Amino acid sequence: QVQLVESGGGLVQAGGSLRLSCAASGRTFSTYVMGWFRQAPGREREFVATIHWSGDTTGYADSVKGRFTISRDNAKNTVYLQMNGLKPEDTAVYYCAAKDRWLQVDTARGYDYWGQGTQVTVSS
């Protein structure tokens with residue numbers, strides 16, 4: 001079992017930055033693939049970014065590539081999402097998620113564990 005707790009959301013103006021954190025419980029965090037997803041009102045949950053357990057491989061949605069950076073610190077059982085150049089369309093609840101295999105990493109269905117989410121609001 002893995003428990004995930006996100007933090008770092010808030011209100012920011014367009015062009016600003018936020019850094020989300022996701023703290024995980026359990027001693028096997030370093031063996032999990034981690035992902036960030038987001039869900040805006042009336043829309044389906046969508047993939048944002050993912051990172052391999054080793055930290056060596058990452059993946060991003062086209063909509064955030066070049067603006068967002070995912071990273072992890074296995075010693076701290078934490079994954080981060082640095083968000084720069086935020087746009088109003090980035091407004092959503094952001095969730096972190098964990099899975100044990102590097103397969104279908106951009107699909108929400110494949111993740112086994114989810115956090116409760118943190119709200120990110122970008123004003124224009």
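None of these values were measured; they are calculated from a predicted model.
Within the 4.5 Å cutoff, the side chain of I70 has no heavy atoms near those of the Y80 side chain. Side-chain atoms of M34 and L4, non-hydrogen and from C-beta on, do get closer than 4.5 Å to each other. Counting heavy atoms from C-beta outward, M83 and D90 have side chains that stay 4.5 Å or more apart.
Ring geometry for W102 versus H52: interplanar angle over 60°, hence perpendicular rather than tilted (30 to 60°).
The backbone N or O of G9 sits less than 3.5 Å from a side-chain atom of T118, completing a donor-acceptor pair. Looking at Y95, its side chain never comes within 3.5 Å of a backbone N or O of E6 through a donor-acceptor pair.
Residue Q3 places its CD atom among 12 or fewer non-hydrogen atoms of other residues, nucleotides or ligands, all under 6.0 Å distant. Within a 6.0 Å radius of CD in Q116, more than 12 heavy atoms belonging to other residues, nucleotides or ligands are found.
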Taking only distance into account, with no hydrogens and no angle test, what donor-acceptor pairs under 3.5 Å do side-chain atoms of residues 105-115 form with protein atoms, sequence neighbours excluded?
unit_1, atom_1, unit_2, atom_2, d
Y111, OH, T50, OG1, 3.2
Y111, OH, V105, O, 2.6

Original post:
What's the verdict on salt bridge (Lys or Arg N to Asp or Glu O under 4.0 Å) for K65 and D62, showing C-alpha distance, side-chain angles and the deciding distance?
Top reply: CA-CA 5 Å; K65 205 171 291 184; D62 288 343; 3.1 Å; yes
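Among all heavy-atom pairs drawn from V122 and T91, the shortest one is N-OG1, 2.9 Å. Between A92 and A40, the closest heavy-atom pair is CB-N, 3.8 Å.
For the pair R72 and F29, the cation sits on the ring face: its NZ or CZ lies under 6.0 Å from the ring centre, inside 45° of the axis.
Side-chain contact annotation: S17 with N84, donor-acceptor N/O pair under 3.5 Å present.
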